[in-house]
Amino acid sequence: MANKKHTVLLFIMFILFAIILNNIDGIYHQIVMVAYVILFVSYGIQLTREVINGKEVLPAFNFKDIPRGIMAIAILFVYGCFQALLFFVIASVFDFPSFEVEEFILKFPETIHLIYTHSPVDSVLFFALSLIVLYVVGFFMEIALAHLADGGRFLDSFNLKLLKIYVDKIGWVTYIKDYTAVLLLLLVFTMFDFVAVITAFMSTLSVMLILIVEFSSIGFIFRKTKI
């Protein structure tokens, strides 16, 4: 809230995109969605860089950050594909369907049914291994995004040795605590989308908070590598 003007403009932008996406379909919907994702991630990377450099306000959007935003999308895609592959392997081994982790909570009755139709041991192992994969992949992906935002090379975002060096500088215990806190906050904000009070407002608020908290948090965390 340090710059209320930018906060309001950001919220209005999300509202406008939500209205447009809800009123078009087909190829036009896909085009607008691509533009939305590019602008969303590009602004996030810009915000991360600003925080790393010591600023703590929402910046005005800079179109020059779009190329780096596209690179960030590629990073998210690669890590996401690797995560999805591991999820598929785990699901196949324990005969569970493919899933999105947040669905475990948001579709709790279906989760209970899955547990009921599988052995307790298989259910525990499936959920435990899936959560570990989610946690570990995201653990390094967030550092990779911060590295890119800080001006790092794209290919180095997949260099686990370099990412480990960053975590060493931050401190493993410190990073685990901070990263876990961010994950829990994002989970809470995701649930805002399902609050049955002014759905459009809550959905927009959810997306906006996810953007601000995730990208600013990794900036605050990565800033510790500069000390």
Side-chain angles (χ1 to χ4, degrees), residues 37 40-41 44-45 48 71-149 152 154-194 206-207 209-211 213-215 217-219 221-222:
V37 172
F40 181 101
V41 177
I45 289 297
T48 299
M71 287 189 282
I73 292 172
I75 292 172
L76 290 168
F77 178 77
V78 172
Y79 278 91
C81 286
F82 180 64
Q83 178 177 275
L85 177 61
L86 294 179
F87 282 159
F88 175 77
V89 171
I90 294 170
S92 298
V93 169
F94 295 101
D95 193 28
F96 272 78
S98 298
F99 67 97
E100 293 290 338
V101 173
E102 60 268 20
E103 291 182 0
F104 286 160
I105 297 174
L106 301 177
K107 297 182 179 179
F108 195 67
E110 294 180 19
T111 301
I112 294 298
H113 176 72
L114 286 174
I115 295 174
Y116 181 77
T117 55
H118 292 75
S119 74
V121 174
D122 284 352
S123 296
V124 170
L125 289 175
F126 169 73
F127 287 113
L129 290 174
S130 298
L131 289 174
I132 289 171
V133 166
L134 174 71
Y135 190 93
V136 172
V137 173
F139 188 90
F140 289 101
M141 183 184 72
E142 298 292 359
I143 291 294
L145 290 172
H147 159 81
L148 181 73
F154 171 75
L155 292 179
D156 283 340
S157 297
F158 308 101
N159 184 338
L160 294 182
K161 183 177 180 180
L162 175 61
L163 300 183
K164 177 184 176 299
I165 291 174
Y166 286 138
V167 179
D168 287 339
K169 290 181 179 179
I170 296 169
W172 284 83
V173 173
T174 298
Y175 182 46
I176 288 172
K177 289 180 179 179
D178 291 346
Y179 171 65
T180 302
V182 172
L183 281 184
L184 293 175
L185 277 174
L186 295 181
L187 178 60
V188 171
F189 294 149
T190 299
M191 293 179 182
F192 283 12
D193 198 18
F194 296 86
S206 170
V207 173
L209 288 175
I210 288 172
L211 168 72
V213 170
E214 179 175 7
F215 286 99
S217 294
I218 61 177
I221 294 170
F222 195 80

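Below, each value reflects all heavy atoms present in this structure, side chains not excepted, and no hydrogens, waters or symmetry copies.
Note on ring orientation: taking the six-membered ring where Trp is involved, the planes of Phe139 and Trp172 are parallel (angle under 30°, cut-offs 30° and 60°).
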Next on the checklist: Between Ile176 and Tyr135, does the side chain to side chain contact (heavy atoms under 4.5 Å, CB included) criterion hold? Intermediate values first, please.
Outcome noted: CA-CA 10 Å; Ile176 288 172; Tyr135 190 93; 3.4 Å; yes
Next on the checklist: Working note: Leu145 + Leu76, criterion side chain to side chain contact (heavy atoms under 4.5 Å, CB included); need CA distance, chi angles, decisive distance, verdict.
Outcome noted: CA-CA 8 Å; Leu145 290 172; Leu76 290 168; 3.8 Å; yes
Item to check | Step-by-step side chain to side chain contact (heavy atoms under 4.5 Å, CB included) determination, Ile143 to Ile170 | outcome: CA-CA 11 Å; Ile143 291 294; Ile170 296 169; 3.8 Å; yes
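For the atom pair CG of Asp168 and NZ of Lys164, the computed distance is 3.5 Å after rounding to the nearest 0.5 Å. The distance from atom CG of Leu184 to atom OH of Tyr179, rounded to the nearest 0.5 Å, is 10.5 Å. The CG atom of Asp156 lies 5.5 Å from the CG atom of Leu162; values are rounded to the nearest 0.5 Å. Taking CG of Leu183 as the start and CG of Asp178 as the end, the distance is 11.5 Å to the nearest 0.5 Å. Considering CD1 of Ile73 and CZ of Phe40, their distance stands at 10.5 Å, rounded to 0.5 Å. Note that CD1 of Ile221 and CD of Glu142 are 7.5 Å apart. Values are rounded to the nearest 0.5 Å.
Taking both residues in full, the closest heavy atoms of Leu163 and Ser157 are given as CD1-O, 3.6 Å, listed atom of the first, atom of the second, then distance. The two residues Ala72 and Ile45 have their closest heavy-atom pair at CB-CG1, 3.6 Å.
With sequence neighbours excluded, the residues satisfying ring-ring contact (aromatic ring centres under 6.0 Å, His included) with Phe158 are Tyr79, Phe154. Applying the ring-ring contact (aromatic ring centres under 6.0 Å, His included) rule to Phe222 yields the partners Tyr166; only residues at least two apart in sequence or on another chain are considered.
Remark: the backbone N or O of Gly219 is not paired with any side-chain donor or acceptor of Thr48 at under 3.5 angstrom.
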